[in-house]
Undergrad: 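Okay, here's the structure, questions in a sec.
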Amino acid sequence: RQMCIRDRFRGTYNGKEVAVKRLKSEDQLTQEQLEEFSHELILMAVFEHPSLVAIYGYTKLPLQLVMEFCHKGSLDVFLRSISRSDLPWDMRYKMARQLAEGLAYLHENNVVHRDIKSLNVLVDSNINAKWADFGLSKIKDQAETKLAQSNSYGVAGSLLWMAPEQVKGKVQCSRKADVYAFAVVMWELTTHHRPYKEINGVAQIMVAIANGAKNPISNDTPKHFGDAIRHCWLEDPSKRPSARPVSYTHLTLPTTPYV
């Protein structure tokens, strides 16, 4: 399922450069889409963390959200706009640690993001990474439902970042599925590639994920960083760590990070 239909603009609010998400006129939106936008607004306003995109306000007519502007755009675009040599490992550690801490903050407040991917990470002018797009987030008790309760294959999020249990239809979303998707984002930080780029077709990718296929970790990835990825995308969800220990166990920059 897609996020709310909306456009994005750059503007000024109280002398500060901001990003503006504008939805199409209300008569073009379903009630579900309006509720989704309202949910994103409430979450972003309530939860304040340096690794979450800040919200400054909203308007009703037109319906739009005024939020922090991140000059570098999405992590997906940022990584593909520079070479691997342009992003030193200490910067990758920093960005991954910021995202782990932001995700831990959400989970500790009983929020499952549900749409973890590099397209939903924004990068500011100081190369800080922040989670964005909470339109698919749900309170955990509402989120951890069996896919069998749905009449369709309504898996939230995006296929390239989905955990095997989601693809298999066992779980729709969970903290552990978020952690798995975060592992794929960390992998993107090491390679600057989209996941499963060697596999063509949705069905083929689904089969690969369900069968436990993983994106190859590059040989120059530091051990601590590689361990963080490997632990977070373990096949068994119960063996995946929570986001908080990932931050301080694996993503604290070692004295010699390149070995």
Side-chain angles (χ1 to χ4, degrees), residues 51 74-76 78-79 84 87 89 91-108 111-121 123 129-133 136-137 143 155-168 170-199 205-206 208-253 257:
S51 296
S74 73
L75 180 63
D76 175 78
F78 173 71
L79 291 177
R84 292 184 75 229
L87 191 65
W89 279 105
M91 193 68 71
R92 298 171 206 246
Y93 269 94
K94 182 191 81 165
M95 296 174 79
R97 186 169 60 251
Q98 289 171 334
L99 294 175
E101 291 170 354
L103 186 57
Y105 176 84
L106 288 175
H107 287 176
E108 288 162 7
V111 171
V112 177
H113 189 288
R114 303 181 83 216
D115 200 22
I116 297 289
K117 56 185 177 182
S118 56
L119 291 161
N120 284 342
V121 174
V123 181
K130 302 167 181 275
W131 294 114
D133 277 357
L136 285 179
S137 298
V155 180
S158 300
L159 177 61
L160 298 179
W161 293 266
M162 279 185 187
E165 64 270 20
Q166 291 177 293
V167 172
K168 292 175 183 177
K170 294 180 179 180
V171 173
Q172 187 173 18
C173 54
S174 68
R175 287 185 177 101
K176 296 298 188 180
D178 273 1
V179 168
Y180 183 98
F182 173 50
V184 181
V185 172
M186 286 192 287
W187 175 85
E188 289 179 270
L189 273 170
T190 71
T191 64
H192 295 211
H193 293 310
R194 282 274 180 88
Y196 308 107
K197 66 184 183 70
E198 304 297 334
I199 304 176
I205 292 173
M206 289 178 67
I209 295 172
N211 289 336
K214 300 290 189 294
N215 296 283
I217 297 175
S218 60
N219 293 332
D220 64 340
T221 300
K223 183 180 185 303
H224 287 77
F225 206 107
D227 286 346
I229 296 172
R230 283 183 281 267
H231 285 125
C232 287
W233 69 21
L234 285 171
E235 197 75 11
D236 184 349
S238 68
K239 294 182 179 179
R240 294 173 204 153
S242 59
R244 181 70 66 190
V246 172
S247 174
Y248 59 72
T249 301
H250 297 296
L251 297 177
T252 300
L253 189 67

Undergrad: Check whether any side-chain heavy atom of V121 lies under 4.5 Å from a side-chain heavy atom of F78, and answer yes or no.
TA: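 No; the side chains remain at least 4.5 Å from each other.
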
Undergrad: Is the backbone of Q98 close enough, under 3.5 Å, to the side chain of S51 for a donor and an acceptor to pair up by distance?
TA: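 Side chain of S51 to backbone of Q98, a donor-acceptor pair under 3.5 Å: yes, one is there.
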
Undergrad: Hey, what do you get for CG (L75) to CE (M95), rounding to the nearest 0.5 Å?
TA: 5.0 Å

Undergrad: List for me each residue that meets side-chain hydrogen bond (donor to acceptor under 3.5 Å, both in side chains) alongside W161, sequence neighbours excluded, and say none if there are none.
TA: E188

Undergrad: What is the ring orientation for W89 with F225, classed by angle as parallel under 30°, tilted 30 to 60°, or perpendicular over 60°?
TA: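 Perpendicular.
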
Undergrad: Just by distance, with hydrogens left out, do S74 and D76 show a side-chain donor and acceptor under 3.5 Å apart?
TA: no

Undergrad: For a 4.5 angstrom cut-off between non-hydrogen side-chain atoms, does Y180 reach Q166?
TA: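 Not touching, per the 4.5 Å side-chain cut-off.
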
Undergrad: Search all heavy atoms of P195 against all heavy atoms of V184 and return the closest pair with its distance.
TA: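 Looks like CG-CG1, 3.4 Å.
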
Undergrad: Can you name the side-chain contact (heavy atoms from CB on, under 4.5 Å) partners of V179, sequence neighbours left out?
TA: H107, C232, R240

Undergrad: Can you name the nearest heavy-atom pair linking H113 to A132, along with the distance?
TA: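 Between these two residues, the closest heavy atoms are NE2-O, 3.1 Å.
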
Undergrad: What distance do W131 atom CH2 and D115 atom CG have between them, rounded to the nearest 0.5 Å?
TA: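 The CG atom of D115 is 10.0 Å from CH2 of W131, to the nearest 0.5 Å.
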
Undergrad: Quick one: does K168's side chain get under 4.5 Å of E165's, heavy atoms only?
TA: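 Result no, sub-4.5 Å side-chain heavy-atom pair not found.
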
Undergrad: Rounded to the nearest 0.5 Å, how far apart are NZ of K94 and CG of L87?
TA: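 The CG atom of L87 is 9.5 Å from NZ of K94, to the nearest 0.5 Å.
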
Undergrad: In terms of side-chain geometry, is the basic nitrogen of D227 or R230 positioned less than 4.0 Å from the acidic oxygen of its partner?
TA: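 So D227 pairs with R230 through a salt bridge.
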
Undergrad: With a 4.5 Å cut-off on side-chain heavy atoms, are V112 and S174 touching?
TA: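 No, too far: nothing below the 4.5 Å cut-off.
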
Undergrad: Indicate yes or no: at least one non-hydrogen side-chain atom of L159 is less than 4.5 angstrom from one of Y196.
TA: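 Side-chain contact under 4.5 Å: no.
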
Undergrad: Any side-chain heavy atom of V123 sitting closer than 4.5 Å to one from L79?
TA: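 The answer is no, as the side chains (C-beta and beyond) never meet within the 4.5 Å cut-off.
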
Undergrad: Nearest 0.5 Å please: distance from the CG atom of L99 over to the CZ atom of R97.
TA: 11.0 Å

Undergrad: Can you tell me if D236 uses its side chain to pair, donor with acceptor, with the backbone of S238 under 3.5 Å?
TA: yes

Undergrad: For K130, check salt bridge (Lys or Arg N to Asp or Glu O under 4.0 Å) against everything at least two apart and list the hits.
TA: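 Partners of K130 by the salt bridge (Lys or Arg N to Asp or Glu O under 4.0 Å) criterion, ordered by chain and then number, come out as E68.
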
Undergrad: Ion pair present between K214 and E235, side-chain N to carboxylate O less than 4.0 angstrom?
TA: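 Yes, charged N to carboxylate O under 4.0 Å.
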
Undergrad: Is there a side-chain contact between M162 and M206 in this structure, where contact means two heavy atoms from C-beta onward sitting under 4.5 Å apart?
TA: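 No, too far: nothing below the 4.5 Å cut-off.
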
Undergrad: T190 versus I229: any side-chain heavy-atom pair under 4.5 Å?
TA: yes

Undergrad: For L251 and A228, which heavy atoms make the closest approach, and how far apart are they?
TA: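 In this case the closest contact between L251 and A228 is CD2-CB, 4.1 Å.
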
Undergrad: Return the CG to CG distance between N215 and L160, rounded to the nearest 0.5 Å.
TA: 8.5 Å

Undergrad: Could you tell me which non-hydrogen atom of P216 sits nearest to which non-hydrogen atom of W187, and how far apart they are?
TA: O-NE1, 2.8 Å

Undergrad: How far does CZ of R84 sit from CZ of R92, to the nearest 0.5 angstrom?
TA: 5.0 Å

Undergrad: Quick one: closest heavy-atom pair of G226 and T221, and the distance?
TA: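 For G226 and T221, the tightest heavy-atom pair comes out as N-CG2, 3.6 Å.
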
